[in-house]
Amino acid sequence: MLSLFKRLAEGFPDRQAPARGSMFAEPRGLQDWVNALPLANGLAAARSLLQTLREMNATKFDGLQRLAGLELLRLAISQMVAQADRQVVGSSFPLPQSKQQLGIQSRDFHEAMALGYRMAAFDICLPEGKIPFLKGKQVTTALQRAVSHHNEQLLRGYLLYAAPQAGVWQHLHDLYRFAESLAVHEKSIDEPLLGKLSFSLKESYGHVVLFALSNPYRLSQKEMLDGFELTRIWAALFRMGNESGAADIGLSMEKDFGPGYVPEERDTGTPPTMRFDTNDITRSIARDLVLAGPSQATISFRMKGGNAVTVSPDFVERLSSSWRPAPDRYHARLSAGHYLDTLIGLHGIHYHLAGGTDFEKFVREIRGPGISLTERDKSASWISALGDSAKPTALRSKVLDQGLGGYRLEWGLESGAKARIGELVGLAAVGDDQDDEREWMIGVIRWLRFTADGRVQAGVELLAREAYAAAVRAADTGGHFRAPVRAIELQPMRNGSLSQLSILTPSVVDRGMSQIEVSRGPDRWSDSRDTSIRVLSDVDVIENTGAYIRLVPKSSYSEDASAEAA
């Protein structure tokens, strides 16, 4: 127990006695300071709060006094973090610098609060790591609050798609093991910030692990917040212990790592200190989905005394889909280490699939001068930003591992890669940007993570190994065709989930669409140089990521005359 206790002190700052006349030297000094905070000026109040919290962590206090001071600051800090969340959540990536700093500040708040509560628990239990007489509730509160704030610290990092900070997972493991050694890990502590709810440290720690297993890096920011609340509700059913089972996910608590955000990151080579089983949760979810019925568009979950969390059944299934142990995969994964050239975004991919031809010239070549384009579609965003002579260039990426279903990629800081979840990615063997004959595979980013040193990691699902540049004109309800937009025609993969041809277009095509016209140049390896022009009257939108939509025909393509379509 003593060694577990000493581990709590790792990372503590040097602490000095409070200076004479400071707020920490007076009995009501901190309370008076909080009452005088300029809460109407959120930015000023947040900076002042964070500075005071850091000064407090660098000041010597009695453990009980520190705990009381932290409890006093919690409400004001939660208000500052909530204000920042409203500005950060829902923003497009990459974030503007001002919003990025707000997100980092929120993460720093929770990191400092977790440190403070860890110091309070340590100081109360001095010198031998035992609970003093009648101080069990205070120690349990400090330990549980530390875990809770580390959980919130991780969440604020997820909202920035940032990798976990060094040490956070090790602190979580050490807090749990010390609480377990004191036999207080299952005692519930009230959480006034969440109304009438209460949680044990075991439930809070389980919540951290369960949400990590759900891989928040593949979710939108709004979905992260919903997923965070759902996994908090389900954490009470999350089984933890040392006994093994068929559905177990193992975790070594001697390392500064979580359970692995994707199955490939899960440690199967080290004997686990702790095992987790989600079977009870999945059975409960399945029962709730059956009771809700297949026709329901939404389903709600709640804790007793808590607010309901309402989401779609599809989101619940997506959230729980990554809880499988590492070997349980649809496709086997192979370690890699080689490099691929990548293109990010539909515009850049279309340019290279079209043989290095801009869209205006591409349309003129396959349809003649009679088809007009909008100004927006004449020039891609990368041309508008960089000048008429600019063109999209491939970014070099490292393949961390791969399978039939896709790749796990990493772009270095020097690449300048900017990506978002749901964005299209072209992939090809390493080559020269002047090589217009390269074969480009098409994938989509399903999860994303930024490391502290600027690297970008992404999980890319493979959509097609063969694709062609195309142009699509959507017809409105009156049958009038609009200006053409870039499109990519995907050839079906034999082992893919979709066994028929599909088309990728910008999401604007979905607005009021009655039918579409697809124009494509001749096949790359065909002797014929004829252009293909087809009208599709009945299509399904099978995916809309916001960056693109994916269309499939309900029936076969029908050949139509280009004059009729025009």
Side-chain angles (χ1 to χ4, degrees), residues 38-51 54 77-112 152-165 216-228 342-348 376 379-387 390 392-393 395 397 409-425 444-458 506-508 544-548:
L39 295 179
N41 186 341
L43 289 176
R47 284 194 296 267
S48 184
L49 263 173
L50 186 56
Q51 180 181 349
R54 286 170 170 166
I77 287 175
S78 70
Q79 292 172 344
M80 296 299 102
V81 170
Q83 287 182 23
D85 285 349
R86 285 193 288 270
Q87 297 186 58
V88 172
V89 174
S91 301
S92 59
F93 276 78
L95 286 174
Q97 186 66 22
S98 59
K99 291 188 177 182
Q100 180 79 9
Q101 290 302 317
L102 277 177
I104 292 173
Q105 179 179 264
S106 295
R107 186 178 64 179
D108 291 346
F109 265 127
H110 287 293
E111 180 184 21
E152 296 282 351
Q153 175 190 352
L154 283 170
L155 174 61
R156 266 66 206 179
Y158 300 150
L159 290 171
L160 301 174
Y161 296 96
Q165 292 166 283
Y217 294 108
R218 65 193 171 106
L219 305 177
S220 69
Q221 291 176 310
K222 173 62 169 60
E223 288 175 333
M224 284 186 200
L225 296 179
D226 287 339
F228 188 78
T342 59
L343 301 165
I344 300 176
L346 190 149
H347 285 176
R376 181 190 64 192
S379 298
S381 57
W382 40 267
I383 291 179
S384 302
L386 301 176
T393 57
L395 303 177
S397 68
L409 302 180
E410 180 178 88
W411 291 276
L413 174 63
E414 71 284 352
S415 72
K418 294 182 179 180
R420 60 175 177 169
I421 292 174
E423 187 63 89
L424 292 172
V425 178
V444 57
I445 295 176
R446 295 303 188 193
W447 62 264
L448 190 64
R449 184 167 61 206
F450 299 92
T451 66
D453 58 1
R455 290 172 291 131
V456 181
Q457 298 176 350
S507 55
V508 294
N544 186 344
T545 69
Y548 71 90

Does any N or O in the side chain of Glu223 come within less than 3.5 Å of the main-chain N or O of Ser220, such that one atom is a donor and the other an acceptor? yes

What's the shortest heavy-atom distance between Gly422 and Thr545, and which atoms? O-OG1, 3.0 Å

Under 3.5 Å: donor-acceptor pair, side chain of Thr342, backbone of Leu395: yes

Arg107 vs Ile104 side-chain heavy atoms within contact, under 4.5 Å: yes

Does any non-hydrogen side-chain atom of Val88 lie less than 4.5 Å from one of Leu160? yes

Under a 3.5 Å distance rule, please check whether Ser48 uses its side chain to pair with a backbone N or O of Ala45 as donor and acceptor. no

Check the pair Gln51 / Arg47 against side-chain contact (heavy atoms from CB on, under 4.5 Å), numbers first and verdict last. CA-CA 6 Å; Gln51 180 181 349; Arg47 284 194 296 267; over 6 Å; no

Applying salt bridge (charged side-chain N to carboxylate O under 4.0 Å, His left out) as the test, list every pair that has at least one member in residues 448-457; sequence neighbours left out. Glu265-Arg449, Glu410-Arg455, Asp453-Arg455

May I ask you to decide if the ring planes of Tyr217 and Tyr161 are parallel, tilted or perpendicular, using 30° and 60° as cut-offs? tilted

Minimum-distance pair of heavy atoms, taken over all atoms of Ala84 and Leu102: CB-O, 4.2 Å

For Leu50 versus Gln105, what's the shortest heavy-atom pair and its separation? CD2-CG, 4.1 Å

Please give me the minimum heavy-atom distance between Arg54 and Asp108, naming the atom from each residue. NH2-OD2, 3.4 Å

Is Asp85 salt-bridged to Arg156, cutoff N-O under 4.0 Å? yes

